[in-house]
Amino acid sequence: MRIATWNVNSLKARLPRVLEWLEMAQPDVLCMQETKLADDQVPALDFEALGYTVLHHGEGRWNGVAIASRCGIDGHASGFGDIEDPYVGDARLVAATCDGVRIVCVYVPNGRAVGTDTYERKLAWLHRLREWLETHHSPDQPLVVGGDFNVAPEDRDVYDPAAFEGATHVSEAERKRFEALKEWGLVDAFREIYDSDRLYTWWDYRAGHFHKHLGMRIDHILVTEPVRARLRYALVDRNARKGEKPSDHAPLFVDLAD
DNA sequence: ATGGTAGCGCTGCTA
């Protein structure tokens with residue numbers, strides 16, 4: 001079973017690239033973030049033509065999350081439900097069960113700048129995510145949280161820690177909230193496979209950062225122990241960041257044994 | 001030199 005996550009930065013603008021990637025990489029499940037679509041704007045037929053069913057949660061313009069699956073998609077859920085959402089109104093969480101694995105697709109708020117209100121609510125959102133997991137799920141069940149976490153967990157996950165001093169994505173508080181998710185019972189699947197630094201999932205569009213390989217590892221696939229036991233492979237497909245009209249994120253996927 | 005690019009949508013916000 002191949003499970004992928006990709007911040008597509010507008011599914012409308014990125015549709016040809018996403019369809020091309022589905023055909024090439026053949027994931028069974030793809031979590032998408034920043035679709036920037038309303039539910040009724042989703043190009044469902046384009047996905048169906050490739051064998052995928054899409055579950056979308058979005059209000060249009062900003063945010064928007066979706067799961068495309070070709071191995072079943074049941075038990076739809078979106079948002080935090082009864083748990084207070086610090087970004088209420090934004091579409092940042094959608095979940096479904098695909099072939100026995102609970103898939104949670106998240107788009108963690110960016111936070112903009114340390115000390116701002118949006119940053120404080122980013123911290124709160126990450127805390128609420130753990131609360132939501134505690135309320136609705138168990139570390140004993142096969143579960144995957146895939147998405148754009150907007151957190152680089154360690155210094156080796158950014159191109160130059162000095163350049164990010166005082167910035168979001170690397171602050172102690174953000175990393176603590178990210179660690180708290182792992183403490184609940186999740187493992188960073190990518191780090192189970194790779195130990196190197198300079199492995200990124202996002203590169204700024206500006207100033208030729210991709211070309212200079214100045215990026216950050218902020219997209220993650222976190223898995224519970226039953227999924228970790230099946231983990232065989234992980235990869236960031238940097239080729240998807242090249243060429244015409246790329247997203248600023250590359251897709252990340254994991255392969256699980258049957 | 002507080003820059004640079006992309007998306008949405010038409011003004012400036014978000015990332």
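Below, chains carry the letters A, B, ... as their sequence lines are ordered, and counting in each starts from 1.
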(request) Under the salt bridge (charged side-chain N to carboxylate O under 4.0 Å, His left out) rule, what do A:Glu179 and A:Lys182 come out as? Steps first, then yes or no, please. (result) CA-CA 5 Å; A:Glu179 284 304 310; A:Lys182 291 162 74 177; 3.4 Å; yes

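In this structure, A:Glu34 atom CD and B:dA15 atom P are separated by 7 Å, rounded to whole Å. The CG-P distance, from A:Asn110 to B:dG7, rounds to 17 Å in whole Å. Summarising the geometry, the separation between CG on A:Asn9 and C1' on B:dC13 is reported as 14 Å, rounded to the nearest angstrom. Distance A:Tyr205 OH to B:dT14 P: 18 Å, rounded to the nearest Å. Regarding A:Trp62, its CH2 atom lies at a distance of 20 Å from the P atom of B:dA6, rounded to whole Å.
Distance check on atom C1': B:dA15 versus B:dG4 gives 13 Å, rounded to whole Å.
Donor-acceptor pairing under 3.5 Å is lacking for the side chains of A:Gln141 and A:Ser138. If you check the side chains of A:Tyr205 and A:Asn9, you find a donor sitting under 3.5 Å from an acceptor.
For B:dA15, one of the phosphate oxygens OP1 or OP2 lies less than 4.0 angstrom from a side-chain nitrogen or oxygen of A:Arg112. Between A:Ser10 and B:dC8 there is a side-chain N or O to OP1 or OP2 distance below 4.0 Å. At B:dA6, none of the side-chain N or O atoms of A:Lys36 fall inside 4.0 Å of OP1 or OP2 (strictly under the cut-off).
Here the side chain of A:Arg61 is nearest to one of B:dG12, B:dG7, B:dA15, namely B:dG12.
Aromatic rings of A:Trp203 and A:Tyr159 (six-membered ring for Trp) have centroids beyond the 6.0 Å cut-off, not under it.
Counting any heavy atom pair closer than 4.0 Å across all strands shown, A:Tyr107 reaches sugar-phosphate atoms only and no base atom.
If you find the closest nucleotide of DNA chain B to A:Asp248 and to A:Leu11, the one lying nearer the 5' end belongs to A:Leu11.
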